[in-house]
Amino acid sequence: MNREEALAFVKPHLTEKRYIHTIGVMETAITLASKYAVDQKKAELAAIFHDYAKFRDLDEMRNIIVQKSLDPLLLSFHSELWHAPVGALLVQQEIGIVDEEILSAIRYHTSGRKEMTELEKIIYVADYIEPGRDFPGVEEVRKLAEVSLDAALKQSVKNTINFLLKKEVPIYPDTLNLYNWIVTKGE
Ligand code: GDP
Ligand code: FE
Ligand code: FE
Ligand code: FE
């Protein structure tokens with residue numbers, strides 16, 4: 001599937017703003033893939049489809065989580081987390097993407113997880129630093145991404161957890177597992 005075909009599949013599912021975000025993630029992911037020697041074609045497709053399920057109906061996503069035996073814990077955490085694992089499933093079912101590396105990059109783009117693959121890291125970081133993002137701390141992560149993918153990943157998850165702590169909302173285990181893994185990695 002080429003870029004134009006993939007973008008045509010995803011566009012009807014997104015708002016204009018989210019489509020522009022997707023293009024930003026795609027361009028950033030390709031740049032990171034080139035810098036860190038990861039398959040650029042896989043980075044491009046994973047980025048294009050990463051938010052495929054972002055606007056699915058909550059009841060539809062809840063049913064998919066139950067019926068397809070996705071992590072049942074998801075249901076007791078914020079629904080914002082659901083579009084990543086549900087998206088991986090729907091991209092497989094509705095688009096026919098079967099490449100497990102691409103699917104897992106979509107599946108873990110919101111929470112991350114321990115022992116992330118290089119492609120998973122790229123989509124997670126690209127989603128965080130694409131040019132349309134402007135939250136506090138993003139510029140620091142952009143700079144880190146130029147020198148170390150792991151350093152950028154670590155700073156992204158630290159910022160995300162800080163943000164969630166301030167809001168006093170539950171932190172999904174995979175997010176904490178990513179943090180614990182990345183801060184002890186290389187010790
Ligand atoms: P987007 O889809 O491009 O907006 O970005 P993401 O998929 O990365 O993130 C969506 C939202 O999920 C963000 O607002 C994050 O703060 C939130 N989020 C990420 N991890 C967690 C978590 O562990 N718990 C909760 N409650 N929210 C999280
Ligand atoms: Fe997302
Ligand atoms: Fe993200
Ligand atoms: Fe996104």
Side-chain angles (χ1 to χ4, degrees), residues 6-7 9-11 13-33 43-58 61-62 64-65 70-91 95 97 102-114 116 119-138 141-142 145 149 152-183:
L7 287 171
F9 272 123
V10 90
K11 198 167 199 278
H13 294 275
L14 302 176
T15 60
E16 181 67 17
K17 190 172 167 225
R18 186 59 42 174
Y19 185 71
I20 293 166
H21 160 73
T22 294
I23 302 284
V25 176
M26 176 189 82
E27 285 167 352
T28 306
I30 293 170
T31 303
L32 292 174
E44 179 181 73
L45 282 180
I48 290 172
F49 287 107
H50 85 283
D51 275 339
Y52 181 71
K54 185 80 178 174
F55 300 105
R56 288 288 164 135
D57 180 75
L58 286 185
M61 289 203 280
R62 195 178 286 110
I64 290 171
I65 290 167
L70 303 186
D71 182 6
L73 253 189
L74 285 164
L75 297 173
S76 37
F77 285 82
H78 200 279
S79 58
E80 196 56 50
L81 289 161
W82 301 354
H83 74 284
V86 169
L89 193 118
L90 292 178
V91 159
I95 312 294
I97 290 177
I102 293 175
L103 295 176
S104 82
I106 298 169
R107 188 176 301 127
Y108 297 107
H109 87 265
T110 303
S111 61
R113 61 165 171 168
K114 69 176 177 190
M116 289 173 85
L119 183 62
E120 287 169 22
K121 293 175 187 175
I122 281 174
I123 300 304
Y124 184 99
V125 170
D127 187 31
Y128 197 84
I129 65 171
E130 63 91 2
R133 299 289 206 193
D134 69 347
F135 38 75
V138 69
V141 179
R142 286 190 182 117
L149 187 57
L153 178 65
K154 192 204 288 196
Q155 195 57 44
S156 314
V157 70
K158 282 169 65 181
N159 290 352
T160 298
I161 289 175
N162 266 320
F163 168 78
L164 297 168
L165 285 176
K166 284 200 191 91
K167 290 207 300 181
E168 216 174 291
V169 295
I171 300 173
Y172 184 63
D174 277 341
T175 306
L176 295 171
N177 291 338
L178 164 57
Y179 172 79
N180 288 337
W181 173 64
I182 198 80
V183 296

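Counting starts at 1 for both ligands and their atoms, following the listed order.
Taking 2.8 Å as the threshold, D127 does not count as a candidate ligand of the Fe ion (ligand 2), since none of its N, O or S atoms lies below it. The distance from the Fe ion (ligand 2) to the nearest N/O/S atom of H50 is not under 2.8 Å.
Summary: OD1 is the N/O/S atom of D51 found nearest to the Fe ion (ligand 2). Residue-level check: among N/O/S atoms of H83, NE2 sits closest to the Fe ion (ligand 2).
Contact atoms of ligand 1 toward Y172: 22 (C), 23 (O), 24 (N) (distance under 4.0 Å to a heavy atom of the residue). Near T175, the atoms of ligand 1 lying under 4.0 angstrom from a non-hydrogen atom of the residue are 20 (N), 22 (C), 23 (O). Below 4.0 Å from some heavy atom of H21 lie the following atoms of ligand 1, by number and element: 3 (O). For ligand 1, the atoms closer than 4.0 angstrom to any heavy atom of L81 are 20 (N), 21 (C), 22 (C), 24 (N), 28 (C).
The shortest heavy-atom contact between K114 and N177 is CB-O, 3.7 Å. Here the shortest heavy-atom pairing between Y108 and M116 reads O-CE, 4.4 Å. The shortest non-hydrogen separation linking D127 to R133 is O-NE, 2.7 Å. Minimum interatomic distance between K121 and L149 (heavy atoms only, all atoms of both residues): CB-CD2, 3.9 Å.
Proximity of E130 to ligand 1, defined as any heavy-atom pair under 4.0 Å, is not found for any part of the residue. Looking at D174 against ligand 1, nothing comes within 4.0 Å, counting heavy atoms. Contacts between F163 and ligand 1 below 4.0 angstrom, taking non-hydrogen atoms only, involve the side chain exclusively. With a heavy-atom cut-off of 4.0 Å, V25 does not touch ligand 1 at all.
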Identify each donor-acceptor pair in which a side-chain atom of residues 155-171 lies under 3.5 Å from a protein atom, sequence neighbours left out, and give them as a table.
unit_1 : atom_1 : unit_2 : atom_2 : d
Q155   : NE2    : N159   : OD1    : 3.0
S156   : OG     : A152   : O      : 2.7
N159   : ND2    : Y128   : OH     : 3.1
T160   : OG1    : S156   : O      : 2.9
N162   : ND2    : K158   : O      : 3.4

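Across N159, T160, T110, heavy-atom proximity to atom 9 (O) of ligand 1 is greatest for T110. Counting heavy atoms only, L164 comes closest to atom 21 (C) of ligand 1 of the residues D127, L164, L178.
The side chain to side chain contact (heavy atoms under 4.5 Å, CB included) search around S76 returns L73, not counting sequence neighbours.
Just one of I64, L103, I106 meets the side chain to side chain contact (heavy atoms under 4.5 Å, CB included) condition when paired with L89; it is I64. For the side chain to side chain donor-acceptor pair (under 3.5 Å) with K54, the qualifying choice from E80, H13, H21 is E80, the only one to do so.
When only interatomic distances are considered, the shortest N/O to N/O separation between V169 and ligand 1 does not fall below 3.5 Å. Of the polar atoms of H109, at least one N or O is found under 3.5 Å from an N or O of ligand 1, judged by distance alone. The distance criterion of under 3.5 Å between nitrogen or oxygen atoms is not met by H50 with respect to ligand 1. Considering backbone and side-chain atoms together, S111 places no N or O closer than 3.5 Å to any N or O of ligand 1. Polar contact with ligand 1: present for H83 (N/O pair, distance under 3.5 Å). Considering backbone and side-chain N/O atoms, H78 never comes within less than 3.5 Å of an N/O atom of ligand 1.
Around atom OH of Y19, more than 12 heavy atoms belonging to other residues, nucleotides or ligands sit under 6.0 Å away.
At least one side-chain heavy atom of F49 sits under 4.5 Å from a side-chain heavy atom of F9.
The closest approach between any non-hydrogen atom of P170 and ligand 1 is below 4.0 Å. Ligand 1 lies nowhere less than 4.0 angstrom from a heavy atom belonging to K167.
Here the side chain of R56 pairs no donor or acceptor atom with the backbone of H83 at under 3.5 angstrom.
Ring planes of H50 and H109: perpendicular class, angle over 60° (limits at 30 and 60°).
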Does the pair L178 and L153 meet the rule for a side chain to side chain contact (heavy atoms under 4.5 Å, CB included), with working shown?
-> CA-CA 9 Å; L178 164 57; L153 178 65; 3.9 Å; yes
